[in-house]
Asks: 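Sharing a structure below in structure tokens format, with a few things to ask.
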Amino acid sequence: MTYATDLPGRPRPGAIGGPATERAVCVLAPNPSAMTLDGTNTWIVSEPGSDLAVVIDPGPSDETHLRTVVSTAESAGKRIALTLLTHGHADHSDGAARFAELTGTAVRALDPALRLGREGLGIGDVVTTGGLELHVLSTPGHTADSLCFHLPADRAVFTGDTVLGRGTTVVAHPDGRLGDYLDSLRRLRSLVVDEGVTTVLPGHGPVLDDAKGAVEFYLAHRAKRLAQVETAVENGYRTAAEVVAHVYADVDRTLWPAAELSVRAQLDYLDEHGLIGE
């Protein structure tokens, strides 16, 4: 039997949802799938003693879920004052416009097309709503607009889809780029080491209580997959579909379309670095 403590990042056991740190509460969206795992984690974040809260990733356009997020905050004596997006994929952002109507909040994101209100999010910004301190980190790779949010007071980081609570994420080619993603993982590793971050609060899956272990696992996994793809190409597998069928033969076939996106990103990376022979 494999225990959670033996898995990369030490996934927190038990049901997903509810309080995760002193400042962060998860409300799980009812959109489970092979890609979203148990569903999208919507995060309510607030400073103890403050009556204001920030929501990260309201999730899909599901009225019941959006109202549950509002009621969860209100039951704790909090008013939602701001909405943030880690990136623009529908399972994180489709409910944002309706959520803004329900709460009267602005929606801040890196991508101007996703913003509601005058302010976006810039690299190095610090969100201070209600005394909360969230530092905006540039972490492209899964998508070009992917962000993470560092919560220093809880030694935690909200990772969206950059690091998941279970398994690994997709480099969503062509918007996502492997070189960017590797740089983002290294940036997260530096954050973990330099700032003492211990906890990953992901966009899907359970909380991870070993942030360093999680990021190092991701870096090792990417290096292994890249080597496998390079070897497959050297052995004559040329198209992304051919490489997926060879390298991901032990992976559920329903995940092959997503794997093909990552393989395309890896093939581009190998080509850009002159690692694919003529």
Side-chain angles (χ1 to χ4, degrees), residues 4-5 7-29 37-59 65 68-87 92 108 121 125-137 139 146-166 169 187-218:
T5 52
L7 297 174
R10 291 210 327 263
R12 192 173 293 179
I16 295 172
T21 68
E22 186 177 9
R23 291 164 179 79
V25 174
C26 177
V27 181
L28 180 64
L37 305 182
D38 309 87
T40 300
N41 295 336
T42 295
W43 292 101
I44 303 171
V45 197
S46 61
E47 194 66 16
S50 173
D51 63 352
L52 300 180
V54 173
V55 163
I56 299 173
D57 289 348
H65 171 65
T68 298
V69 175
V70 174
S71 65
T72 300
E74 289 178 344
S75 67
K78 311 284 185 179
R79 176 177 66 83
I80 296 167
L82 180 63
T83 302
L84 306 177
L85 297 178
T86 61
H87 66 296
H92 294 257
R108 296 180 62 184
L121 285 173
D125 282 355
V126 180
V127 175
T128 56
T129 302
L132 191 68
E133 189 175 299
L134 285 169
H135 295 247
V136 180
L137 303 175
T139 52
S146 287
L147 299 172
C148 292
F149 301 105
H150 176 207
L151 178 58
D154 285 349
R155 300 173 67 190
V157 60
F158 298 92
T159 54
D161 283 359
T162 299
V163 174
L164 304 179
R166 186 170 67 250
T169 199
R187 193 170 300 120
L188 284 173
R189 182 172 59 186
S190 295
L191 175 78
V192 166
V193 172
D194 296 342
E195 301 295 333
V197 170
T198 59
T199 305
V200 172
L201 304 173
H204 304 280
V207 171
L208 300 176
D209 287 318
D210 177 13
K212 184 172 182 288
V215 174
E216 289 183 345
F217 167 74
Y218 264 62

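Atoms considered below: every heavy atom in the structure, side chains included; atoms not considered: hydrogens, waters and symmetry mates.
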Asks: To the closest 0.5 Å, what do you measure between CD1 (Ile80) and CD1 (Ile44)?
Replies: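 Ile80 CD1 to Ile44 CD1: 5.5 Å, rounded to 0.5 Å.
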Asks: Short question: side chain of Asp57, backbone of Thr86 - any donor-acceptor pair under 3.5 Å?
Replies: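 Judged by distance alone, yes, a pair lies under 3.5 Å.
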Asks: So how far is it from Thr199 OG1 to Leu208 CG, rounded to the nearest 0.5 Å?
Replies: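 The distance works out to 9.0 Å.
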Asks: What residue among Leu84, Val136, Asp125, Thr159 forms side chain to side chain contact (heavy atoms under 4.5 Å, CB included) with Leu147?
Replies: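 Exactly one candidate clears the test, Val136.
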Asks: Which heavy atom of Val163 sits nearest a heavy atom of Ala214, and at what distance?
Replies: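 Between these two residues, the closest heavy atoms are CG1-CB, 4.4 Å.
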Asks: Under 4.5 Å between any side-chain heavy atoms of Asp38 and Arg166, yes or no?
Replies: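 Yes; the side chains approach each other to less than 4.5 Å.
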Asks: Can you check whether Gly130's main-chain N or O pairs, donor with acceptor, with Ser50's side chain at less than 3.5 Å?
Replies: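 Here the side-chain-to-backbone pair exists.
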Asks: Would you check if Pro58 and Leu85 make a side-chain contact, meaning some heavy-atom pair closer than 4.5 Å?
Replies: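 Side chain of Pro58 against side chain of Leu85, heavy atoms only: contact under 4.5 Å found.
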Asks: Is there side-chain contact between Phe158 and Leu134, with heavy atoms separated by less than 4.5 Å?
Replies: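 In contact.
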Asks: So, does Asp154 use its side chain to make a donor-acceptor pair with the main chain of Thr21 at under 3.5 Å?
Replies: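 It does not hold such a pair.
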Asks: Please lay out, stage by stage, how Phe149 and Val157 fare under the test side chain to side chain contact (heavy atoms under 4.5 Å, CB included).
Replies: CA-CA 6 Å; Phe149 301 105; Val157 60; over 6 Å; no
Asks: What's the shortest heavy-atom distance between Pro202 and Trp43, and which atoms?
Replies: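 Taking every non-hydrogen atom into account, O-NE1, 3.0 Å.
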Asks: Between CD of Glu195 and OG1 of Thr198, what distance do you get to the nearest 0.5 Å?
Replies: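 These two atoms lie 12.5 Å from each other.
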Asks: Please report the shortest heavy-atom distance between Glu47 and Gly131, naming the atom on each side.
Replies: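 That closest heavy-atom pairing would be OE1-O, 3.9 Å.
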Asks: What are the two closest non-hydrogen atoms of Thr40 and Gly59, and how far apart are they?
Replies: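 Thr40 and Gly59 have their closest heavy atoms at CG2-CA, 4.2 Å.
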Asks: As an exercise, state the distance from CD of Glu133 to OG1 of Thr128, rounded to the nearest 0.5 Å.
Replies: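 So the gap between those two atoms works out to 8.5 Å.
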Asks: Below 4.0 angstrom, N of the basic side chain to O of the carboxylate: do Arg12 and Asp209 qualify?
Replies: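 Result for this pair is yes, salt bridge flagged.
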Asks: Is there a side-chain contact between Thr139 and Ser146 in this structure, where contact means two heavy atoms from C-beta onward sitting under 4.5 Å apart?
Replies: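 In contact.
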Asks: How far does CG of Leu137 sit from CG of Leu188, to the nearest 0.5 angstrom?
Replies: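 If I round to the nearest 0.5 Å, the distance is 6.5 Å.
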Asks: Give the minimum heavy-atom separation between Ser75 and Thr72, together with the two atoms involved.
Replies: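 Shortest heavy-atom contact: OG-O, 2.8 Å.
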Asks: Mind running side chain to side chain contact (heavy atoms under 4.5 Å, CB included) on Leu191 and Arg187 for me, showing each step along the way?
Replies: CA-CA 6 Å; Leu191 175 78; Arg187 193 170 300 120; over 6 Å; no
Asks: So do the side chains of Leu132 and Leu151 get within less than 4.5 Å of each other, counting heavy atoms only?
Replies: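 Result yes, sub-4.5 Å side-chain heavy-atom pair found.
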Asks: Hey, does the side chain of His204 reach the backbone of Gly39 with a donor-acceptor pair shorter than 3.5 angstrom?
Replies: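 Here the side-chain-to-backbone pair exists.
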Asks: Enter the distance from Thr169:OG1 to Asp161:CG here, rounded to the nearest 0.5 Å.
Replies: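 So the gap between those two atoms works out to 5.0 Å.
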Asks: Taking the side chain as C-beta and beyond, is there a heavy-atom pair between His150 and Pro152 under 4.5 Å?
Replies: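 They are in side-chain contact.
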Asks: What's the verdict on side chain to side chain contact (heavy atoms under 4.5 Å, CB included) for Arg108 and Leu121, showing C-alpha distance, side-chain angles and the deciding distance?
Replies: CA-CA 6 Å; Arg108 296 180 62 184; Leu121 285 173; 3.6 Å; yes
Asks: Would you please classify the geometry between the His87 ring and the His92 ring as parallel, tilted or perpendicular, with 30° and 60° separating the classes?
Replies: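 His92 vs His87 ring planes: tilted.
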Asks: If you take all heavy atoms of Lys78 and Ala53, which pair is closest and at what distance?
Replies: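 Nearest pair, atom of Lys78 first, then Ala53: CB-CB, 4.0 Å.
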